[in-house]
Amino acid sequence: VELIDEGLRGVTISHDDNESIPPLESLDISTEERRHPKNGRKSQSYERSAISLEMDENREPRRNALSWRSDPAASFSDWTIEVATVEHKQITCSSFYHCHSNVLVWGPRQSDAFVKLFQERMRRVPQTTITQIALPPSEAEVFPLLLDYLYCETSFALSADQICSVYILAERFKNEQFMSEIQKIVENSLDFEQSMEFLSHARHCGQQEKIEKLTLFTNSKICGYLVRYPEEARKVLPELLAYILHQRAQVMKILKGEDPRKFSGEWEIERSKSLSSVVAECCFATVSSPTRKYTLTRATFETLTHPIHLPALESQAALKLLQVDGLLLMEEGTPTKRDLEDLTSLESRCVQALVADWSFILGANEASEFSRKLSSLKSHVLASILTQVSLQYERKLAEHAPPPYHEILGPLKTNEIENLGPLKTSDIQNPRNNKKENRSISTPRDGPKQNKHVSSPDWDTGENETPDWAI
């Protein structure tokens with residue numbers, strides 16, 4: 001009610017829509033006489049501090065905060081947004097949202113895209129109160145979440161499978177503040193299970209470049225978790241793990257370009273061995289489970305074990321990967337001649353890892369269990385392993401072999417060699433034991449001369465135990 005008076009012009013008394021306007025007689029108004037400053041005539045003035053309204057104790061409570069869900073007439077909605085769901089270039093359905101332009105355009109979380117839409121609406125003649133927006137089904141489904149954020153809702157439900165759609169929608173409507181909030185949710189609020197659910201939906205998203213920042217961070221977080229807990233890889237879908245390794249390979253390519261020394265060499269080998277345990281657990285759990293829900297195809301297995309992802313393998317992981325390879329070959333049917341003769345890239349890396357750490361493999365597995373694992377390998381792979389282990393044993397044996405006889409005997413003249421005659425057992429113990437020279441070692445401090453026969457090294461006399469690598 002605007003009181004039209006010379007002394008109180010423009011003062012407004014606010015009232016509730018559900019209340020009747022009280023008459024002026026019911027207002028407690030004190031008056032005083034005063035003269036007009038110009039004409040000197042008497043006029044009546046009102047003291048503002050004396051105005052008071054008696055509120056009804058039974059009046060309704062204050063209405064809820066302004067929202068697009070409010071009654072359009074009661075909330076004075078001035079803008080209707082029609083979201084048309086477009087699928088296969090056809091509008092399948094439409095949803096209407098009764099909004100308020102001052103919130104979407106000038107609110108604390110205002111959207112630049114809505115500002116542009118409102119300006120276009122104002123330029124139209126005649127002006128219209130309805131704006132149509134075409135969105136794909138995934139974004140049309142989460143459009144209410146964007147409105148909730150713009151209306152400053154303190155909390156709203158956001159599931160892991162909706163993150164990609166909401167983030168793309170926020171990017172479409174140029175709301176960087178909302179994008180930043182979603183990124184914080186991904187970084188701080190998602191656990192391992194939710195992160196896997198998010199990535200399973202992200203890999204099917206048709207706009208990978210828009211969610212790249214979210215997926216790369218989640219990939220890094222999941223890789224770090226699986227390296228610490230390889231047994232958790234049994235819960236991961238093989239195709240999803242292949243997607244994670246593919247994303248990691250792209251990141252590693254960038255990092256190697258920036259700092260090749262730091263992200264190459266020993267660091268890369270150790271990281272690859274850790275990831276090989278993750279891949280082995282995932283693949284072995286998939287093919288060995290009797291009630292498995294998912295299948296491991298040959299193409300996925302080759303992607304997971306590609307040299308780009310796993311240039312080096314851990315010995316236990318190599319044994320499991322060879323078992324998985326054999327089981328897949330049995331499922332595929334009759335193997336070809338090439339499958340049973342030539343070593344593949346994976347088989348060569350596995351054989352190399354097993355041979356290099358053979359003594360550890362023997363100690364970490366029981367004899368019967370180890371024999372069972374070896375029996376599941378391909379015959380040519382097992383033959384290659386045993387051959388290389390034997391060659392490695394022979395090389396180490398040669399390193400500890402006794403020196404040749406000519407080094408023990410020392411330089412001999414031709415006539416001395418002819419006079420040696422046939423070699424006897426006593427000559428081996430003391431090869432130069434003859435009348436002209438008796439091989440002995442004299443120690444002045446020890447007193448009389450003592451004879452110490454030259455004998456073979458300790459490993460030949462049986463004084464030392466057999467080394468571990470010779471098992």
Side-chain angles (χ1 to χ4, degrees), residues 136-139 141-142 145-146 156-172 178-255 263 271-272 274-287 289 292-297 299-306 308-310 317 324:
S138 59
E139 297 179 38
E141 181 183 356
V142 298
L145 295 178
L146 175 63
F156 49 86
L158 180 63
S159 59
D161 60 334
Q162 294 175 330
I163 292 177
C164 293
S165 301
V166 174
Y167 190 82
I168 294 174
L169 188 65
E171 194 272 340
R172 184 189 298 275
F178 196 21
M179 296 171 63
S180 178
E181 292 293 336
I182 298 173
Q183 186 174 349
K184 290 179 181 178
I185 292 175
V186 172
E187 294 178 359
N188 304 321
S189 302
L190 298 184
D191 57 15
F192 176 72
E193 299 291 341
Q194 293 171 335
S195 298
M196 298 302 299
E197 183 181 358
F198 162 66
L199 279 186
S200 64
H201 289 84
R203 71 189 184 97
H204 296 297
C205 178
Q207 305 181 53
Q208 292 287 332
E209 67 282 354
K210 292 186 177 181
I211 60 173
E212 186 178 16
K213 184 181 295 185
L214 299 181
T215 56
L216 290 180
F217 180 86
T218 308
N219 277 329
S220 176
K221 184 168 65 174
I222 290 178
C223 281
Y225 180 82
L226 291 177
V227 166
R228 292 193 300 271
Y229 309 101
E231 63 278 0
E232 291 293 323
R234 301 169 186 170
K235 306 176 183 178
V236 183
L237 189 67
E239 287 78 7
L240 183 57
L241 183 58
Y243 172 78
I244 294 174
L245 294 181
H246 175 71
Q247 294 284 338
R248 179 185 177 274
Q250 293 180 343
V251 176
M252 290 303 302
K253 185 177 180 180
I254 298 174
L255 294 178
F263 299 100
R271 195 69 174 179
S272 175
S274 301
L275 287 176
S276 67
S277 300
V278 175
V279 174
E281 290 291 341
C282 176
C283 296
F284 190 78
T286 304
V287 299
S289 175
R292 57 180 178 177
K293 299 180 181 180
Y294 311 106
T295 58
L296 176 63
T297 62
T300 303
F301 182 67
E302 291 179 354
T303 301
L304 288 170
T305 58
H306 197 276
I308 294 179
H309 306 316
L310 303 178
V324 173

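This one's a predicted model, so the numbers in the text were calculated from it and none came from an experiment. No hydrogens, no waters, no symmetry mates; every other heavy atom, side chains included, goes into these values.
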| said: Can you tell me how far apart OG1 (Thr286) and CG (Leu237) are? Round to the nearest 0.5 Å. | reply: 7.5 Å
| note | Heavy-atom nearest pair, Thr295 first then Glu239, reads O-OE2, 3.7 Å
| said: Within the structure provided, determine whether Leu310 and Val279 are in side-chain contact (heavy-atom separation under 4.5 Å). | reply: yes
| Out of curiosity, Gln207 CD to Ser165 OG, how far, rounded to the nearest 0.5 Å? | 9.0 Å
| note | Nearest heavy-atom approach of Ala317 to Ser276 is CB-O, 3.5 Å
| query | Considering all heavy atoms of both residues, which atom of Met196 and which atom of Leu240 are nearest to each other, and what is their separation? | reply | CE-CD2, 3.0 Å
| Are any non-hydrogen side-chain atoms of Phe284 and Leu296 less than 4.5 angstrom apart? | no
| query | Side chains of Arg271 and Arg248: does their closest heavy-atom pair fall under 4.5 Å? | reply | yes
| request: List the atom of Thr218, the atom of Ser195, and the distance in Å for their closest heavy-atom pair. | output: CG2-CB, 3.9 Å
| said: Any side-chain to backbone donor/acceptor pair from Glu141 onto Pro136? Under 3.5 Å, distance only. | reply: no
| query | Which heavy atom of Lys210 sits nearest a heavy atom of Tyr167, and at what distance? | reply | O-CE2, 3.2 Å
| Out of curiosity, Ile222 CD1 to Phe217 CZ, how far, rounded to the nearest 0.5 Å? | 10.5 Å
| message | Using side-chain heavy atoms (C-beta onward) and a distance below 4.5 Å, is Ile168 in contact with Cys205? | response | yes
| query | Are Arg234 and Glu231 close enough that some pair of their side-chain heavy atoms sits under 4.5 Å apart? | reply | yes
| said: Testing the 3.5 Å rule here: is there a donor-acceptor pair between the side chains of Gln250 and His246? | reply: yes
| said: Please determine whether a side-chain nitrogen of the Lys or Arg among Lys184 and Glu187 lies less than 4.0 Å from a carboxylate oxygen of the Asp or Glu. | reply: no
| said: Checking Val236 against Phe192 for the side chain to side chain contact (heavy atoms under 4.5 Å, CB included) test, could you report, in this order, the C-alpha distance in whole Å, the side-chain angles of both residues, the deciding distance, and whether it holds? | reply: CA-CA 10 Å; Val236 183; Phe192 176 72; 4.1 Å; yes
| request: Work out which heavy atom in Phe301 is nearest to a heavy atom in Cys283; give both atom names and the distance. | output: CD1-SG, 3.9 Å
| task | Kindly indicate whether the side chain of Met252, heavy atoms from C-beta on, has any atom under 4.5 Å from the side chain of Ile308. | result | no
| Leu169 versus Phe178: any side-chain heavy-atom pair under 4.5 Å? | no
| note | CD (Glu212) and CD (Gln247) are apart, to the nearest 0.5 Å, by 7.0 Å
| message | How long is the straight-line distance from CD1 of Ile185 back to CD of Gln194, given to the nearest 0.5 Å? | response | 10.5 Å
| task | Among Leu199, Leu214, Leu245, find the residue that satisfies the side-chain contact (heavy atoms from CB on, under 4.5 Å) test when tested with Asn219. | result | Leu199
| said: I want to check something: taking the side chain as every heavy atom from C-beta on, are Leu275 and His309 in contact at a cut-off of under 4.5 Å? | reply: no
| task | Enter the distance from Ile244:CD1 to Ser220:OG here, rounded to the nearest 0.5 Å. | result | 11.0 Å
